[in-house]
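Everything numeric here is computed off the predicted structure, so don't read it as measured data. Each chain gets a letter, A, B and so on, in the order its sequence line appears, and its residues count up from 1.
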Number of protein chains: 2
Amino acid sequence: MIRVIVVDDHEIVRKGIIAYLQTEDEFDIVGEASSGNEGAELILELKPDVVLMDLMMENGNGIEATKHVMEQLPSCKIIILTSYYDDEQVFPAIQAGAFSYLLKTSSATEIATAIKKAASGQNVIEPKVAGKMMNSFRSENKKAHDTLTERELEVLLCIGNGMTNQEISEKLYIGIKTVKTHVSNILSKLEVHDRTQAAVYVHRNQLL
Amino acid sequence: MIRVIVVDDHEIVRKGIIAYLQTEDEFDIVGEASSGNEGAELILELKPDVVLMDLMMENGNGIEATKHVMEQLPSCKIIILTSYYDDEQVFPAIQAGAFSYLLKTSSATEIATAIKKAASGQNVIEPKVAGKMMNSFRSENKKAHDTLTERELEVLLCIGNGMTNQEISEKLYIGIKTVKTHVSNILSKLEVHDRTQAAVYVHRNQLL
DNA sequence: TTCAATCTCGGTCTTAAGGCGGAGGAAGAA
DNA sequence: TTCTTCCTCCGCCTTAAGACCGAGATTGAA
């Protein structure tokens, strides 16, 4: 039996998930909570094998709850089950220690499978989310372009689109002289010799 | 009931598939054939909903049979089920009018699912094959660079690597003037304004 | 043979690109 | 406040880039 706790502030969602999970006799729903704070307490008290956690909740969000739980009970597998797959949500959740990341568009079967896999130590990442993660990873292995300032990065991406200095200056509403300055700084930071190589850099590093 | 015909010159394979399909009561195996010619005749006579067709057969291959059938009976869904996923096989099959394309490494369940989906109008393409198709599509939608001469393509790829005219001339053992000529021709053929855009073109079209 | 395409190279000219040095203003950290 | 970073912009200068025009050599097809 896999001991499970469901944390979601929408009762209908929570009850629905629980009802479905109870149709399979592998799951033992030991508790449920409607907020991050409540959920964290319950989890630390009951020490379930797996937790289904929503991210966006009224009292204390899922990320904080996840972080808090993982500090006290690192063996607990927390599966994030949310509607959002923005960079702002996914990354902090993974960093907080979430074990799997599913979207609410997932089928009941997929969720059940994810719980079983989590109990046996396998991660499950929603494809859409996986893509985001790959991107994050890429930007994680910070390359030369992490030394670029925001403005320089903007200019670099313009170069990556094949724009001339003139076009860039018009797009960014700055003087062409300024663009040239940025370009020069970019070239030296990326250690390339001209804008063409900079454009190649952009595409090789999939910045665009 | 979905009326199905199985065409495959290996009896064991054919009988095996039929035996499995008969375990599900949604399928009505109305006929079977061991060659493309025989299969085409049988299909036109019995007008099944779905046909499972092997590609490599002794008498008349599956592609010709498919083409022939589709001319007479375009509503018939022909599922190609073969061991090969070479470019030479896949593409002609699709062009001949094949509805789905599966490999024999597929599980029985997948095949059954594919038949049901075909009956309801949904295509199923084996992932490995889908990849090939994507590539074919890319080379099918012939882009601007197909008008380039070999030499020009060489130069273009150099540009895509961020090389200067000087470097290109040294690599290809030609004068820098010649390189400039090629570059000018490339730019006008690709309808871009400078080498940076040409480099972007290379990477966007994954020529490198 | 004639013709077309391709590769090669030349001259001339204009301009975008990029290096170098300097500098003022704004915002945030020490 | 002082210092630093960043964004902005200036002038001067050199050179690579690219357009335009022409042309000889080779090859293969008609």
### Task
Would you kindly give the NZ-to-C1' distance between A/K189 and D/dC6, to the nearest whole Å?
9 Å
### Message
What is the separation between atom CG on A/N185 and atom C1' on D/dT5, rounded to the nearest whole Å?
### Response
12 Å
### Task
Take B/Y201 and B/L207 through the test side chain to side chain contact (heavy atoms under 4.5 Å, CB included) and record every step on the way to the result.
CA-CA 8 Å; B/Y201 180 99; B/L207 302 184; 4.1 Å; yes
### Task
Take A/E64 and A/K67 through the salt bridge (charged side-chain N to carboxylate O under 4.0 Å, His left out) test and state the conclusion after the steps.
CA-CA 5 Å; A/E64 286 168 17; A/K67 202 176 298 179; over 6 Å; no
### Summary
In terms of heavy-atom contacts, B/H182 and B/I174 come closest through CD2-CD1, 4.2 Å
## Note on the structure
the helix from C/dT1-D/dA30 to C/dA30-D/dT1: angle between terminal helix axes, five bp per end, to the nearest 10 degrees, reads 40°
### Message
Tell me which one of A/K180, A/E170, A/R195, A/K177 satisfies side chain to side chain donor-acceptor pair (under 3.5 Å) with A/N165.
### Response
A/R195
### Message
Looking at C/dA5, I'd like to know if its phosphate oxygens (OP1 or OP2) sit under 4.0 Å from a side-chain N or O belonging to B/T149.
### Response
no
### Derivation and outcome, side chain to side chain contact (heavy atoms under 4.5 Å, CB included), residues B/L190 and B/L156
CA-CA 10 Å; B/L190 298 187; B/L156 176 61; 3.9 Å; yes
### Message
Just the rounded figure in Å: distance from P of C/dC9 to NE2 of B/H182.
### Response
8 Å
### Task
On DNA chain D, check which nucleotide each of B/V183 and A/E150 is closest to and give me the residue with the more 5' one.
A/E150
### Message
Counting only heavy atoms from other residues, nucleotides and ligands, does the tally under 6.0 Å from NZ of A/K117 exceed 12?
### Response
no
#### Entry: Value in whole Å for how far the P atom of D/dC7 lies from CD of A/E154
9 Å
### Task
Could you tell me whether the phosphate oxygens of C/dG18, OP1 or OP2, come under 4.0 Å of any side-chain nitrogen or oxygen in A/H193?
no
#### Entry: Candidates D/dA17, C/dG19, D/dA19 - which lies nearest the side chain of B/L187
D/dA19
#### Entry: Separation of B/L52 CG from B/I111 CD1 (nearest 0.5 Å)
6.5 Å
### Task
Report which part of the nucleic acid A/E152 touches: base, sugar-phosphate, or nothing (heavy-atom distance under 4.0 Å, all strands).
nothing
### Task
Evaluate the side chain to side chain contact (heavy atoms under 4.5 Å, CB included) criterion for residues A/V202 and A/I159: first the C-alpha distance (whole Å), next the side-chain angles of each, then the deciding distance (0.1 Å), finally the verdict.
CA-CA 8 Å; A/V202 167; A/I159 293 175; 5.8 Å; no
### Presence of donor-acceptor pair under 3.5 Å, side chain of B/T181 and base of C/dC9
yes
#### Entry: Short side-chain N/O contact to C/dT6 OP1/OP2 from B/R151, under 4.0 Å
no
#### Entry: Heavy atoms from other residues, nucleotides or ligands near CD of A/E167 exceed 12 (cutoff 6.0 Å)
yes
### Message
Distance check needed: D/dT14 C1' versus A/D194 CG, whole Å only.
### Response
15 Å
### Task
Please report the shortest heavy-atom distance between A/K171 and A/C158, naming the atom on each side.
CD-SG, 4.1 Å
### Query
Taking the side chain of B/S184 as heavy atoms from C-beta outward, which of C/dG18, C/dT6, D/dG18 is closest to it?
D/dG18
#### Entry: d(CG, B/L153; P, C/dT6) in whole Å
13 Å
### Message
So if I take every side-chain heavy atom of A/T178 and compare against D/dC9, C/dG18, D/dG18, which nucleotide ends up nearest?
### Response
D/dC9
### Task
Can you tell me the distance, in whole Å, between the CZ atom of B/R195 and the C1' atom of D/dA19?
14 Å
#### Entry: Atom pair distance, as rounded to whole Å: CG in A/L190 and C1' in C/dG18
15 Å
### Query
Looking at residues 164-177 of chain A, who's got a heavy atom less than 4.0 Å off DNA chain C?
A/T164, A/N165
